[in-house]
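Working notes for the structure below.
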2 protein chains.
Amino acid sequence: MPRITEARREARRDQIRAAALRSFAAKGYQRTSIADVVTESGLSAGAIYGHYADKGELFAAVAQHVLSRRDDEIAAASHEGVPPSPYEILVLLTGGMARDLADGRVLVQLWSESTVDPALRAVVQRVVGSVRGVLGDALRNWFATRPDLAPDGPDAAAQLLLPVVMGLGQAFIMQRALLEDFDPDAYLAAAEAVLPR
Amino acid sequence: MPRITEARREARRDQIRAAALRSFAAKGYQRTSIADVVTESGLSAGAIYGHYADKGELFAAVAQHVLSRRDDEIAAASHEGVPPSPYEILVLLTGGMARDLADGRVLVQLWSESTVDPALRAVVQRVVGSVRGVLGDALRNWFATRPDLAPDGPDAAAQLLLPVVMGLGQAFIMQRALLEDFDPDAYLAAAEAVLPR
DNA sequence: GTCTATATCAGGATAGAC
DNA sequence: GTCTATCCTGATATAGAC
């Protein structure tokens, strides 16, 4: 198993994945044809199908890649130095998304598609589960420093708050993608006002 | 302009719209063909195109219809009797959605599609704007009864909180549509814990 | 207004050469 | 592994009869 060949293969897959992401972001998953990805990547149809079985698998790879890094960021932040507060965790979450993606359209499309495609649903399910775990961890760490806000213990407090932090993160993505006049600062200010401090 | 004929026409449009909603909910907008709507409605392609110019217009009509009733519910509730609290407003919002739609998949698909289709984007934009107005109104009414929580006046407090209530509503829909193990009660409990009381 | 039947076309996927 | 060329399915929208 020659090492260089393997690396090359991975590089090709990355190249295709990146081109697909750009294409999907521009026109939406359903509307971008393989021909679009061909153009964007500078490769050919044959090359693409040599690396991904079909369009759906390509989207799954894109999704996996985009979503995967959230955990790492949050996990890292919550284990080094002072545990971030729920609000800071939210900022971390949304900031990371904003950095990786010009806008959140691809994510919204992913969610939509996973509503109807079992394979994608599984991907989303898994990644969301993972984010949930990391997020819960981070919240627990913070509540541990604030026992006054966690009468039933940091664990219970974290579990209770979890859906809200997740939800506010998702909604941020959505509103940014959907609303012409979305104001990120106003949104985060509102979140800061309600989240425990 | 004969009155009965006009009513019939409207009834037909409703029939088609309802069939389309069922079809879209089952397979997703993009994947349902006109043939599916034909089957579901018991009519023919010709009949459908006699009432809607194309598939997109049909989806817009469905969307408009599904989204339109939220305002009325909330507006009604916030003007009769005791103004509902932010939490109660959220319950109203999510409860109404849950009642009208078996699941929120069509809404998620609508959001996704509006990411890329200008006509749908306009529909969403308009309806969200309207919901925002009504929601803001309702929040203002409540803050007016709780001046202790609105140091800068009910208006400012309502404006600040608005994005969070909207966001939590949207995220509820999303998570319900996406997550196998979504727990509505836990979600609302979390929301209740953070929203002002 | 509605039906049947179909023209037309886009796009996913593949075959075979290199 | 990649390219070119192409097959073929499936779906939108329409034409024309009733």
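Below, chains carry the letters A, B, ... as their sequence lines are ordered, and counting in each starts from 1. If you're wondering where the values come from, they're calculated on a predicted model, not measured in any experiment.
Separating the CG atom of A:Asp36 from the P atom of C:dG11 is a distance of 7 Å, rounded to the nearest angstrom. To the nearest angstrom, C1' of C:dG12 lies 15 Å from CD of B:Gln30. When rounded to the nearest whole Å, the span between CD1 of B:Ile34 and P of C:dA5 equals 19 Å. What separates CZ of A:Arg31 from C1' of D:dT12 is a distance of 14 Å, to the nearest Å.
Under the 4.5 Å side-chain heavy-atom criterion for ILVMFWY residues, a single connected hydrophobic cluster contains both A:Val165 and A:Leu149.
Contacts with DNA chain D (heavy atom under 4.0 Å) in residues 48-59 of chain B: B:Tyr49, B:Asp54, B:Lys55, listed by number.
Nucleic acid contact class of A:Ser44 (heavy atoms, under 4.0 Å, all strands): base. In this structure, B:Thr32 reaches the sugar-phosphate backbone alone: every heavy-atom distance under 4.0 Å involves primed, P, OP1 or OP2 atoms, never a base.
Taking the charged nitrogens against the carboxylate oxygens, B:Arg17 and B:Glu10 have no contact shorter than 4.0 Å, which rules out a salt bridge. Checked for salt-bridge contact, A:Glu73 and A:Arg99 meet the test: a charged N lies under 4.0 Å from a carboxylate O.
Taking the six-membered ring where the residue is Trp, A:Tyr29 and A:Phe59 present parallel rings, their angle staying beneath 30° rather than reaching 60°.
Look at A:Arg8 and you won't find any side-chain N or O under 4.0 angstrom from OP1 or OP2 of D:dG1. Taking only side-chain nitrogens and oxygens, B:Arg12 comes nearer than 4.0 Å to OP1 or OP2 of C:dT2.
Judged purely by distance below 3.5 Å, without hydrogens or angles, the side chains of B:Asp71 and B:Ser130 pair a donor atom with an acceptor atom.
Among residue pairs with one or both ends in residues 173-197 of chain A, those qualifying as ring pair (Phe, Tyr, Trp, His ring centres under 6.0 Å) are A:Phe172-A:Phe182, A:Phe172-A:Tyr187, A:Phe182-A:Tyr187; sequence neighbours excluded.
Checking D:dT12, C:dG1, C:dC3 against the side-chain heavy atoms of B:Thr5 singles out C:dG1 as nearest.
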